[in-house]
Amino acid sequence: MPLPTFANDEVKVIFVLGGPGVGKGTQCANLVRDYDFVHLSAGDLLRAEQAREGSEFGELISTYIREGRIVPQEITIALLRNAMQDEVKKGHTKFLIDGFPRKMDQAIKFEEDVAVSEFTLYFDCSEEIMLQRLLKRGETSGRTDDNIESIKKRFKTFVDTSMPVIDYYRKQDKVITVPCEKTMEEVYNLLKEKISDRMSI
């Protein structure tokens, strides 16, 4: 069996999962600022690829995103691997991979092909609060999927496909759950505490 692109001692990978609008991006930005992580958002990489002139995957990605479905894993994993290789060349080795793995086969494939994760950060929040946050964001974000219909589809997709991933890693004692209904600052203080218990950052 071929080895992953990166050995365990070369990179540290933390998966970041949570429902849409839970505040993953904000908290990842805090960790980048304070602890020199690189934040790779699977969604941002896909959107950038979709917008890149001459991309062979652009149209396909557009269709999947618009329908609230999960883009084929080969595309997402290839984009993540390329982004990680670029960062490692610059001397960066700690990665927050946000919004990924969205389902079980992605998790297994990424760990086989790219790198084994340290643990998964699970941002936990009620759908009611996530919905309020997303509708507010939709007023200014310009994102095509910040509308009530797409949001409901994304909630359902998250529960059906991402929760089994969280359960899988929880059985291996590789999940840190961060409740996200308090203020951003309170959530971040708790997050720092929980991460530093698990790894020397």
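Since the structure is predicted, the reported quantities are computational estimates derived from the model, not experimental observations. We use all heavy atoms of the structure for the numbers below, so side chains are in, but hydrogens, waters and symmetry mates are not.
- Counting heavy atoms from C-beta outward, Glu49 and Arg52 have side chains that approach closer than 4.5 Å.
- A continuous path of hydrophobic side-chain contacts links Phe15 to Val71 [ILVMFWY only; heavy atoms under 4.5 Å].
- Side-chain N or O atoms of Thr63 include one that pairs as donor or acceptor with a backbone N or O of Glu59 at under 3.5 Å.
- Judged by distance alone, the side chain of Ser196 and the main-chain N or O of Glu193 form a donor-acceptor pair under 3.5 Å.
- Pairs engaging residues 157-169 under the salt bridge (Lys or Arg N to Asp or Glu O under 4.0 Å) rule: Lys156-Asp160, Asp167-Arg170 [sequence neighbours left out].
- Counting heavy atoms from C-beta outward, Thr177 and Phe123 have side chains that stay 4.5 Å or more apart.
- Under a cut-off of 6.0 angstrom, the local environment of CD in Gln172 is crowded, with over 12 non-hydrogen atoms contributed by other residues, nucleotides or ligands.
- Remark: side-chain polar atoms of Lys94 are paired, donor with acceptor, to backbone N or O of Tyr35 under 3.5 angstrom.
- Defined by atom type and a distance below 3.5 Å, a donor-acceptor pair is present between the side-chain atoms of Thr183 and Glu186.
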Residues 7-14 side chain polar contacts: donor-acceptor under 3.5 Å, at least two apart:
residue: Glu10; atom: OE1; partner: Ala7; partner atom: N; Å: 2.7

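- Side-chain contact between Ile176 and Val178 is present, with at least one heavy-atom pair separated by less than 4.5 Å.
- Residues Phe57 and Pro72 have side chains not in contact (no heavy-atom distance under 4.5 Å, counting atoms from C-beta outward).
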Checklist entry - Do Ser117 and Glu111 pass the side-chain hydrogen bond (donor to acceptor under 3.5 Å, both in side chains) test, and can you show the C-alpha distance, the side-chain angles, and the key distance before you say yes or no? => result CA-CA 7 Å; Ser117 66; Glu111 294 204 330; 2.6 Å; yes
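- Side-chain contact annotation: His39 with Asp98, donor-acceptor N/O pair under 3.5 Å present.
- Counting heavy-atom neighbours within 6.0 Å of Lys174 NZ, excluding the residue itself, gives a total above 12.
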Enumerate, atom names and distances included, each donor-acceptor pair closer than 3.5 Å involving a side-chain atom of residues 23-33, sequence neighbours excluded.
residue: Lys24; atom: NZ; partner: Gly18; partner atom: O; Å: 3.2
residue: Gln27; atom: OE1; partner: Asn30; partner atom: ND2; Å: 3.1
residue: Gln27; atom: NE2; partner: Met184; partner atom: O; Å: 3.1
residue: Asn30; atom: OD1; partner: Arg33; partner atom: NH1; Å: 3.2

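- Checking side-chain atoms of Glu181 against main-chain N and O of Ser126 turns up a donor-acceptor pair under 3.5 Å.
- Put simply, the side chain of Ile97 does not reach to within 4.5 Å of the side chain of Val16, judged on heavy atoms.
- Counting heavy atoms from C-beta on, the side chains of Phe6 and Val114 come closer than 4.5 Å.
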Item to check | Test log, rule side chain to side chain contact (heavy atoms under 4.5 Å, CB included), inputs His92 and Val88 | outcome: CA-CA 5 Å; His92 299 141; Val88 166; over 6 Å; no
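- Of the possible donor and acceptor atoms, none in the side chain of Arg198 sits under 3.5 Å from a partner among the backbone N and O of Phe119.
- There is no side-chain donor-acceptor pair under 3.5 Å between Arg102 and Thr161.
- Checked by atom type and distance alone, the side chain of Thr120 never pairs as donor or acceptor with a backbone atom of Val175 at under 3.5 Å.
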